[in-house]
Number of protein chains: 2
Amino acid sequence: MTMSESPRPPQRTVPGRGTRVRATRQAEAVSQALAELPEFRSAQEIHAELRRRGERVGLATVYRHLQALHQDGGVDALRDERGEVLYRRCDTGAHHHHLTCRSCGRSVEVEAAAIERWAEQVAAEHGFTEIDHTVEIFGLCPDCARRNG
Amino acid sequence: MTMSESPRPPQRTVPGRGTRVRATRQAEAVSQALAELPEFRSAQEIHAELRRRGERVGLATVYRHLQALHQDGGVDALRDERGEVLYRRCDTGAHHHHLTCRSCGRSVEVEAAAIERWAEQVAAEHGFTEIDHTVEIFGLCPDCARRNG
DNA sequence: GTAATTGCAAAGGATTTGCTCTGGT
DNA sequence: ACCAGAGCAAATCCTTTGCAATTAC
């Protein structure tokens, strides 16, 4: 088994695709679900949705794809008040935050350049580096407020 | 079994003390640990600290007390990036946010009246009610940055 | 063909709960 | 005495991992 060609590098990504490189039925299914679900959903909910649609995808696989998609930037992730991670397709590429309905997951992207600057400045003032920040607003959207209490 | 006295109401709190009403050795131990630990710590870390000190307190009890203290407002709680809840005694009574070292838990309270107003306003604009918000800044404090990478 | 992916099932880790026992008051 | 509170193990929940079986390319 001679290899006159140069050994291919341990490539981890493919341009245009992401961390995961093969076009599998499962990858497509997860992306598809995210493309169609408008609001934030947990991995478990997405998994349930897939099963509902008759797609046969393992829960672990759903988790793996969501993580990969999130890393690749095509999917937003946030932690809800219970500590569960919710995912949603990312509309804009830019950094932003969310106003999210705690009941139905409906979410509005809110731009917050001012917040970013504030965070950076506060951190700098105290000599902190490698800054990350979390800004989430939760509430009841009008619809859910009407329905529930 | 006559009861000539009036039945006492199902009192849940005691003025000056909190959700939990009895002065137990364990309650005191948890409060004490919080009083002395300057930075954010997980329930498990606080439990470990207590054992280190020779205090015999069950983990569940630590969780129960931390929750109670948090509800009573004497203790701040935040979720770190891994999703774990961290606790720390609350210096000021007022609402505030934190700039927290992801490595050692050291934390600076940052006042953010502007953020509050912004959150309220964003929520109102979209008709959301029963608003809650999360604003956390994580980074490496100067000391940890020097020590690590 | 061969390495990336899957799918379970098991493992992990934080938190909560059931229930009996203990100790404040 | 009475009942809030403690202990501890079992139960929950979300998420990750190990590994053999698949499957894209």
Side-chain angles (χ1 to χ4, degrees), chain A residues 1-3 5 7-31 40-48 50-51 55-72 75 77-87, chain B residues 1-3 5 7-31 40-48 50-51 55-72 75 77-87:
Chain A
M1 34 145 73
T2 56
M3 295 208 308
E5 322 264 310
R8 64 189 117 62
Q11 179 175 343
R12 290 274 75 213
T13 61
V14 157
R17 235 180 298 154
T19 314
R20 307 214 138 195
V21 294
R22 284 183 181 173
T24 65
R25 172 177 59 77
Q26 293 87 335
E28 173 57 21
V30 172
S31 295
F40 277 97
R41 293 284 180 264
S42 69
Q44 315 245 11
E45 286 172 329
I46 290 168
H47 177 244
L50 288 173
R51 305 207 65 189
E55 297 281 356
R56 200 156 304 329
V57 183
L59 177 57
T61 300
V62 172
Y63 271 102
R64 290 189 272 235
H65 277 294
L66 289 174
Q67 284 176 178
L69 290 167
H70 175 51
Q71 284 181 3
D72 296 340
V75 165
L78 62 84
R79 212 176 268 283
D80 69 14
E81 290 167 315
R82 290 209 356 272
E84 205 170 352
V85 179
L86 307 182
Y87 299 90
Chain B
M1 33 150 71
T2 56
M3 296 207 308
E5 322 265 309
R8 65 187 116 60
Q11 179 175 341
R12 289 276 79 212
T13 60
V14 156
R17 236 180 297 154
T19 314
R20 306 210 140 200
V21 294
R22 286 185 182 175
T24 64
R25 174 177 57 79
Q26 293 85 338
E28 172 56 20
V30 173
S31 294
F40 277 97
R41 295 283 179 264
S42 69
Q44 315 247 9
E45 287 172 328
I46 290 169
H47 177 244
L50 287 173
R51 306 207 65 190
E55 297 282 357
R56 201 156 301 343
V57 183
L59 178 57
T61 300
V62 172
Y63 271 103
R64 290 190 270 235
H65 276 294
L66 289 173
Q67 282 175 179
L69 290 167
H70 175 51
Q71 285 182 4
D72 296 340
V75 165
L78 61 84
R79 213 176 267 281
D80 70 14
E81 291 168 314
R82 293 205 357 270
E84 204 171 353
V85 179
L86 307 183
Y87 299 90

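Fair warning: this is a prediction, and the values are worked out from it, not measured in the lab. Throughout, protein chains are lettered first and strands after them, A, B, ... in sequence-line order, and every chain is numbered starting at 1.
In terms of position on DNA chain C, the residue among A:L59 and B:R79 whose nearest nucleotide sits closer to the 5' end is A:L59.
In this structure, NE2 of B:H47 is placed 15 Å from P of C:dT16, rounded to the nearest angstrom. Between the NE2 atom of A:H70 and the P atom of D:dT15 there is a distance of 12 Å, given to the nearest Å. The separation between B:Y87 atom OH and C:dT15 atom C1' is 9 Å, rounded to whole Å. Atoms CD (B:Q44) and P (C:dG13) sit 10 Å apart, rounded to a whole Å. Remark: P of D:dA6 and CZ of B:R51 are 16 Å apart, rounded to the nearest angstrom. Spacing between atom CZ of A:R20 and atom P of C:dA3 amounts to 17 Å, rounded to whole angstrom units. Atom CD1 in A:I46 sits roughly 11 Å away from atom P in D:dT15 (whole-Å rounding). Atoms CD (A:E81) and C1' (C:dA14) sit 18 Å apart, rounded to a whole Å.
For B:V57, the side-chain atoms get nearest to D:dG7 when compared with the rest of C:dA14, D:dT16, D:dG7. Here the side chain of A:E84 is nearest to one of C:dT6, D:dA6, D:dC14, namely D:dC14.
Taking side-chain N and O atoms only, B:H65 has no distance below 4.0 Å to OP1 or OP2 of D:dG5. One finds a side-chain N or O of B:T61 lying less than 4.0 angstrom from the OP1 or OP2 phosphate oxygen of D:dG7. One finds no side-chain N or O of B:Y63 lying less than 4.0 angstrom from the OP1 or OP2 phosphate oxygen of C:dT16. Contact between the side-chain N/O atoms of B:Q26 and the OP1/OP2 oxygens of D:dG7 is found at a separation under 4.0 Å.
Within 4.0 Å of A:E45, counting heavy atoms only, lies no atom of the nucleic acid at all.
The minimum heavy-atom distance between A:T19 and A:Q71, with the atom names listed, is OG1-OE1, 4.1 Å. Looking at every heavy atom in both residues, A:L86 comes nearest to A:D80 through CD1-CB, 3.8 Å. Summarising the geometry of B:A29 relative to B:L50, their closest heavy-atom pair is O-CD2, 3.5 Å, with the distance given to 0.1 Å.
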Compile the donor-acceptor pairs under 3.5 Å between side chains in residues 63-70 of chain A and protein atoms, sequence neighbours left out, one pair per line.
residue, atom, partner, partner atom, Å
A:Y63, OH, A:Q44, NE2, 3.2
A:H70, ND1, A:V75, O, 2.9

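Looking at residues two or more places apart in sequence or on another chain, you find a side chain to side chain contact (heavy atoms under 4.5 Å, CB included) between A:R79 and A:V85, B:R79.
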Checklist entry - Can you give one letter per nucleotide of nucleotides 18-25 of chain C, 5' to 3': B if a protein heavy atom sits under 4.0 Å from the base, S if only from the sugar-phosphate, - if neither? => result B----BBS
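Put simply, the side chain of B:H47 never gets that close to the backbone of B:G58: no donor and acceptor are under 3.5 Å apart.
Remark: A:R25 CZ is packed, more than 12 non-hydrogen atoms of other residues, nucleotides or ligands lying under 6.0 Å away.
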